[in-house]
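A short worksheet on the structure shown next.
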Amino acid sequence: MRRILTVLNYLTNMRLSKFFGQTLREAPTESDSASSQMLVRAGYIRQLAAGLYSYLPLAHRSLRKIEQILREEMDAINGQEMCMPVVHPAEVWQESGRWYEIGDEMGRLQDRRGRDLVLAMTHEEVVTTLCKSEIRSYRQLPQMVYHMQTKFRDEPRARGGLIRVREFVMKDSYTLDANFDGLQTQYEAHYDAYHRIGARLGLKLVAVQSDPGMMGGKIAHEFMYISPIGEDSLAICEETGYASNLDVATFRKNPEPADTPAPLKRVHTPGQSTIDKVATFCGVSTRRTGKMVFFMGDFGAEAPPKLIAACVRGDMEINELQLRYAVKAQALRPAEAEEIAAAGCVPGYASLRDLDRTKVISVVDDLIPKSMNLVVGANEHDWHFIGANYGRDFTADIVAPIALAYNGAPDPIDGKPLRVVRGVEVGNIFQLGTRYSGSMGASYTDETGVERPIVMGSYGIGVGRALACVAEEYSDDYGMDLPISVAPYHVVLVSLGRSGEVKEKAEALYHALLTAGVEVLYDDREVSPGIKFADADLRGMPLRCTVSSRSLSRGGVEFGRRRSKNLVIIPLEDAVERIQENITDSFEALHKRLKDLPTWASRPATI
RNA sequence: CGGGGCGUAGCUCAGCCCGGUAGAGCGCUGCGUUUGGGACGCAGAAGUCGUCGGUUCAAAUCCGGCCGCCCCGACCA
């Protein structure tokens, strides 16, 4: 095996003079984040269209390395690699119902016979179809299958280089179990494996509770790379370990100190149509006010859209996802002024008192019933109530936690302030349960002869997105400094000068390294040293070896980490061995992080 | 889908306001000099100015439609 690898290595073109993919002195303006700037400048990726990228040889090598790490970690938890198609017949998506639930984000096309086809957004439907033919008995469970395959999602807005693209390769695995205990076991195995994967990529990943969304199911976690370039907001606490996507974050609701109930009083508040204005006008904190926000809820084809009046404390915002769940709507959008007026409400002075319950669904945050003597609208232009109390003066159809967590909100575990940060979703894990096996009829026969739906889980990691996060984390002013596990090559070999001796020695070392199986990128171009060093810095290989007349006169070749000042001279005859040692050491340093990773067992109790 | 910006040589951009021979730097090709942190000289190639239409004697430039790309928001395994 080793010999075969060596031969393949030897045959691979690793000479920069013939390399496909140029470095750019300046990046095209369209790239934005450090990662996409660097990946474009260093010749890893090229954009073909919005959200569609070509991966040049450097990126392709890195992606293959990431895939190999994923493969090893999936195999380690009993995964079996396979491959499913990118183009699916519409029927399987119709069976699951997602053909109808998902809108323009799904890529749809027709074949020559006019048959509807779907570009894979993910592969639950195909796995479930396979279950129907392959799984018959409880004896065949549990199972775990995975593949690395292209997905297409017609994102309304691709952005951020490789962070949010329309076509991408994902490692997605699927667990099949007889019951929820089995699912839980495989889910926990993935949870731990994902932390190992992060460590091997050199990324610190934070697992946060998340919304299952269109996947269905109940329990879900996202694995986040914390960074300002992230598109998700997270509420985290380092001390308690609480970590949640802001969509589903909870926090302690501490009411303002209780007074004795004041009488309800109608007061004239001319022009005080915002919370800040009315609070100042009435001389109270915004925490003593109630804020009304109106949405139109879409309840599907069966029911007409309906106005939703939501009320949170004046200093807070609405969590639209939780509001949507509370009213069981399929979608929400901000209501237009006319729609609000049509239901008899007065924007800016709206009130839950005297609502027309036939036209409006009213929801209050669970903090509102605990809060006394609030300032709220009087449902009449330029008038508010003071001393309003839930139950006595107004009520709602639904009381639910619909306030959005915020920076400094009390941690639900210990009440200390939560921190809201941005993160990139590198991976996610979902407990699907019987969402797909139920609707598509994938069942097995249990010990007692009863037919039951297979209990499923689904687990994804974006391969290109992982590369983008690594590039983001390991970029500096000169380029990338990639972890040894992800770098396309371990070492860049630079030859300086055109003297016959330097050339000869560099060529010999290049061949010796290849023969020894070292992944080396050889800069044999006839360009100035400055260009070679600048390109080496940019491309991001972690180690650099230089052969020049100067190094030879000092007794060998120069070797060190990228951009390091601590360069050593190694005699030529020891170079291969020393470089191999250094590569090994680099891997060991990286893998030290595997020892002290978060695990499912060690995670904090969540609420 | 709403708001904003951009589209001129392979790349970065100027020219547009105020209509009249299409420019610079980098890159590329050839020759020579140079070789430890993006060298220099000489010579050269390279753009139907996104696209369609309008105004005009004349449009990169003014006007309109469309397309594409970027950013913010909405949206979103």
Side-chain angles (χ1 to χ4, degrees), chain A residues 22-33 36-37 40-41 43 46-52 98 101-106 120-124 151 153-161 163-166 168 170-174 208 210-217 220-224 231-232 245 247 295 320-321 324 331-334 424-432 435 457-462 465 478-479 494-499 502-503 523 525-538 544 546-554 557-558 562-563 565 567:
Chain A
Q22 299 300 305
T23 56
L24 304 175
R25 190 178 292 228
E26 295 163 286
T29 36
E30 48 238 44
S31 34
D32 179 46
S33 59
S36 56
Q37 288 267 354
V40 170
R41 278 229 294 143
R46 294 288 181 257
Q47 187 178 38
L48 181 64
L52 302 174
R98 291 206 286 184
E101 289 166 16
I102 299 174
D104 293 338
E105 201 184 341
M106 181 183 283
M121 303 176 70
T122 173
H123 284 81
E124 279 79 13
K151 310 283 186 270
R153 295 178 191 174
D154 198 355
E155 297 286 349
R157 186 182 152 208
R159 61 185 134 185
I163 298 293
R164 189 176 196 75
V165 291
R166 294 194 291 173
F168 56 99
M170 174 178 270
K171 181 289 299 174
D172 42 329
S173 41
Y174 301 89
V208 302
S210 69
D211 173 45
M214 78 169 188
M215 300 301 301
H221 287 80
E222 291 166 338
F223 285 75
M224 294 287 187
E231 302 186 271
D232 285 285
N245 195 303
D247 286 344
F295 296 89
E320 283 193 36
L321 183 73
R324 178 156 71 82
L332 295 184
R333 63 168 172 82
V424 179
E425 181 188 352
V426 175
N428 50 38
I429 58 178
F430 292 95
Q431 296 199 0
L432 300 175
R435 158 74 179 81
S458 149
Y459 316 81
I461 288 187
R465 190 180 275 189
Y478 304 92
V494 178
S495 76
L496 294 186
R498 282 179 296 189
S499 87
V502 169
K503 251 189 173 172
D523 195 344
R525 295 174 301 170
E526 299 204 344
V527 296
S528 72
I531 291 177
K532 291 191 174 195
F533 288 135
D535 274 354
D537 292 346
L538 183 56
R544 190 180 81 192
T546 307
V547 185
S548 66
S549 47
R550 185 200 285 183
S551 76
L552 292 176
S553 71
R554 291 183 189 171
V557 299
E558 192 180 78
R562 170 186 176 271
R563 290 196 59 74
K565 297 260 160 54
L567 299 170

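None of these values were measured; they are calculated from a predicted model.
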> When all nucleic acid strands are considered with a 4.0 Å heavy-atom cut-off, which category describes A:V494: base, sugar-phosphate, or nothing?
Replying inline: nothing
>> Using whole Å, what does the distance between atom P of nucleotide B:U12 and atom CD of A:Q37 come to?
In response: 10 Å
> Can A:T546 and A:S551 be said to form a side chain to side chain contact (heavy atoms under 4.5 Å, CB included), step by step?
Replying inline: CA-CA 8 Å; A:T546 307; A:S551 76; 5.9 Å; no
>> Has A:K532 got a side-chain atom pairing as donor or acceptor with A:E526's backbone, closer than 3.5 angstrom?
In response: no
>> Restricting to salt bridge (Lys or Arg N to Asp or Glu O under 4.0 Å), what partner residues turn up for A:D537, sequence neighbours left out?
In response: A:R563
>> Please enumerate all residues that pass ring pair (Phe, Tyr, Trp, His ring centres under 6.0 Å) together with A:Y174, with sequence neighbours excluded.
In response: none
>> So, does A:S528 get its side chain near the phosphate of B:A39, meaning an N or O under 4.0 Å from OP1 or OP2?
In response: yes
>> In whole Å, I'd like the distance from the CD atom of A:E526 to the P atom of B:C40.
In response: 19 Å
>> With a 3.5 Å limit on both atom pairs, tell me what B:C40 is paired to, counting Watson-Crick and G-U wobble, or say none.
In response: B:G32
>> Using a 4.0 Å heavy-atom cut-off, does A:S551 contact any base of the nucleic acid, only the sugar-phosphate backbone, or nothing at all?
In response: base
> What integer distance in Å separates A:Y478:OH from B:G38:P?
Replying inline: 11 Å
>> Measuring only the P atom in each nucleotide, how far is B:G65 from B:U61? A whole number of Å is fine.
In response: 15 Å
> Should B:C62 form a Watson-Crick or G-U wobble pair with both distances under 3.5 Å, which nucleotide is its partner?
Replying inline: B:G54
>> Expressed as a whole number of angstroms, how long is the span from A:I102:CD1 to B:C75:P?
In response: 17 Å
> Taking atom P in both B:G73 and B:C16, what distance in whole Å separates the two?
Replying inline: 34 Å
>> Classify A:A534 by what it touches in the nucleic acid, base, sugar-phosphate, or nothing, heavy-atom distance under 4.0 Å.
In response: base
>> Can you list everything that forms a salt bridge (Lys or Arg N to Asp or Glu O under 4.0 Å) with A:R46? Sequence neighbours excluded, please.
In response: none
>> Just to verify, what does A:R166 make a salt bridge (Lys or Arg N to Asp or Glu O under 4.0 Å) with, not counting sequence neighbours?
In response: A:D154
> Among B:G38, B:G37, B:C72, which is the nearest nucleotide to the side chain of A:D535?
Replying inline: B:G38
> Between A:E124 and A:R98, is there a salt bridge with N-O shorter than 4.0 Å?
Replying inline: yes
> Hey, which of these two, A:R41 or A:E320, hits RNA chain B nearer its 5' end, going by closest nucleotide?
Replying inline: A:R41
> Roughly how far apart, to the nearest Å, are B:G2 and B:C66 at atom P?
Replying inline: 12 Å
> How far does the C1' atom of B:U29 sit from the matching atom of B:A22, given to the nearest Å?
Replying inline: 22 Å
> Which nucleotide sits closest to the side chain of A:D537: B:C69, B:G37, B:C71?
Replying inline: B:G37
>> Any base atoms under 4.0 Å from A:A49, or only sugar-phosphate, or nothing? Heavy atoms, all strands.
In response: sugar-phosphate
>> Could you tell me the Watson-Crick or G-U partner of B:G68, where both distances fall under 3.5 Å? Say none if there is no partner.
In response: B:C6
> Taking CZ from A:R333 and C1' from B:C1, how many angstroms apart are they, rounded to a whole number?
Replying inline: 13 Å
> How far, in whole Å, is B:A74 from B:C28 if one measures between their C1' atoms?
Replying inline: 45 Å
>> Using atom C1' in both nucleotides, what's the gap between B:C26 and B:C70 to the nearest angstrom?
In response: 23 Å
> Of A:H123 and A:F533, whose nearest nucleotide on RNA chain B comes first from the 5' end?
Replying inline: A:F533
What N/O pairs connect the protein and nucleotides 24-34 of chain B at under 3.5 Å? Give each pair on its own line.
unit_1: B:U34; atom_1: O4; unit_2: A:R498; atom_2: NH1; d: 2.9
unit_1: B:U34; atom_1: O4; unit_2: A:R498; atom_2: NH2; d: 2.4

>> I'd like to check the salt bridge (Lys or Arg N to Asp or Glu O under 4.0 Å) partners of A:R562; sequence neighbours left out, ordered by chain and number.
In response: A:D476
> More than 12 foreign heavy atoms under 6.0 Å from CZ of A:F168: is that the case here?
Replying inline: yes
> Within this structure, what is the CZ-to-C1' distance between A:R525 and B:G38, rounded to whole angstrom?
Replying inline: 10 Å
> Mind checking the P distance from B:G4 to B:C49? Whole angstroms is fine.
Replying inline: 28 Å
>> Could you tell me the Watson-Crick or G-U partner of B:A45, where both distances fall under 3.5 Å? Say none if there is no partner.
In response: none
> Syn or anti: how is B:U61 classified when any glycosidic angle within 90° of 0 counts as syn?
Replying inline: anti
>> Taking the minimum atom-to-atom distance to the side chain of A:R157, which one of B:G38, B:A74, B:G37 wins?
In response: B:A74
> Taking any strand in view, what nucleotide pairs with B:C1 in a Watson-Crick or G-U wobble way, both distances under 3.5 Å?
Replying inline: B:G73
>> Can you tell me which nucleotide in B:G37, B:C72, B:C70 comes closest to the side chain of A:P529?
In response: B:G37
> To the side chain of A:R544, which of B:C70, B:C71, B:G37 is closest?
Replying inline: B:G37
> For atom CD of A:E231, is the number of surrounding heavy atoms from other residues, nucleotides or ligands below 6.0 Å larger than 12?
Replying inline: yes
>> Expressed as a whole number of angstroms, how long is the span from A:L52:CG to B:G68:P?
In response: 12 Å
>> What is the distance, to the nearest angstrom, from the NZ atom on A:K532 to the P atom on B:A39?
In response: 13 Å
>> Between B:A58 and B:G44, how far apart are the two C1' atoms, rounded to whole Å?
In response: 32 Å
> Considering Watson-Crick and G-U wobble pairs with both distances under 3.5 Å, what does B:C13 pair with?
Replying inline: B:G23
